[in-house]
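Presented below is the structure to which this report refers.
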Amino acid sequence: MSDANVRIPEAARDRLAAIAAAEGLSLRAYLARLAETMLTPAERAERAERARAALKEWNGYAPTVSEEDDLDSELDRRLARVTGR
């Protein structure tokens, strides 16, 4: 396996290195683990679709696009309130 160089601001590198060290990992190992565990937008969308299908099969819950948008807005509002944003 070959390594790649990624240019990021020094402050970001130092922060990531500190997080990695706190978990007993090198920065290289931490970033590799992060890349393995993060989902791409397509993977997130596919999981969301599977969850919607499971809910519909389990209890008939099938919100419309408008209802999903309203629920997303409500979640955003609540998250903003607790995070102070």
Side-chain angles (χ1 to χ4, degrees):
M1 166 178 30
S2 64
D3 288 339
N5 292 319
V6 178
R7 296 181 60 84
I8 61 172
E10 189 175 332
R13 183 211 54 213
D14 293 346
R15 179 173 170 77
L16 289 169
I19 294 167
E23 295 187 25
L25 297 169
S26 68
L27 179 54
R28 181 180 187 277
Y30 178 76
L31 291 173
R33 185 181 73 182
L34 185 64
E36 291 171 3
T37 59
M38 297 292 295
L39 298 175
T40 66
E43 290 167 335
R44 285 193 305 274
E46 198 273 325
R47 281 191 181 189
E49 184 53 41
R50 284 197 328 250
R52 279 190 288 276
L55 283 170
K56 185 175 181 182
E57 182 179 328
W58 176 57
N59 66 6
Y61 181 70
T64 65
V65 171
S66 176
E67 290 170 329
E68 285 181 6
D69 290 343
D70 290 345
L71 291 168
D72 285 345
S73 294
E74 177 63 13
L75 179 58
D76 289 344
R77 185 187 67 76
R78 290 182 185 200
L79 288 171
R81 188 175 67 214
V82 297
T83 60
R85 292 184 187 176

Residue pair R47, E43: steps toward the salt bridge (charged side-chain N to carboxylate O under 4.0 Å, His left out) verdict: CA-CA 6 Å; R47 281 191 181 189; E43 290 167 335; over 6 Å; no
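- Between A17 and L27 the shortest heavy-atom distance is N-CD1, 3.9 Å.
- Between A20 and S26, the shortest heavy-atom contact is CB-O, 3.7 Å.
- The two residues L79 and T83 make their nearest non-hydrogen contact at O-OG1, 2.7 Å.
- In this structure, CG on D14 lies 11.0 Å from CD1 on I19, to the nearest 0.5 angstrom.
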N/O donor-acceptor pairs under 3.5 Å from side chains in residues 2-10, not counting sequence neighbours:
residue, atom, partner, partner atom, Å
D3, OD1, R28, NE, 3.2
D3, OD1, R28, NH2, 2.9

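- With rounding to the nearest 0.5 angstrom, the CD atom of E46 is 9.5 Å from the OG1 atom of T40.
- The number of heavy atoms from other shown groups lying within 6.0 Å of CD (E57) does not exceed 12.
- Nearest heavy-atom pair across K56 and A62 is CD-CB, 4.0 Å.
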Pair E49, R52 - check salt bridge (charged side-chain N to carboxylate O under 4.0 Å, His left out), show working. CA-CA 5 Å; E49 184 53 41; R52 279 190 288 276; 3.1 Å; yes
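- Atom CG of L25 sits about 9.0 Å away from atom OH of Y30, to the nearest 0.5 Å.
- L75 and L55 fall into different hydrophobic clusters, where Ile, Leu, Val, Met, Phe, Trp and Tyr are joined by side-chain heavy atoms under 4.5 Å apart, directly or via other members.
- Electrostatic pairing of R78 and E74 counts as a salt bridge here, judged by a charged N lying under 4.0 Å from a carboxylate O.
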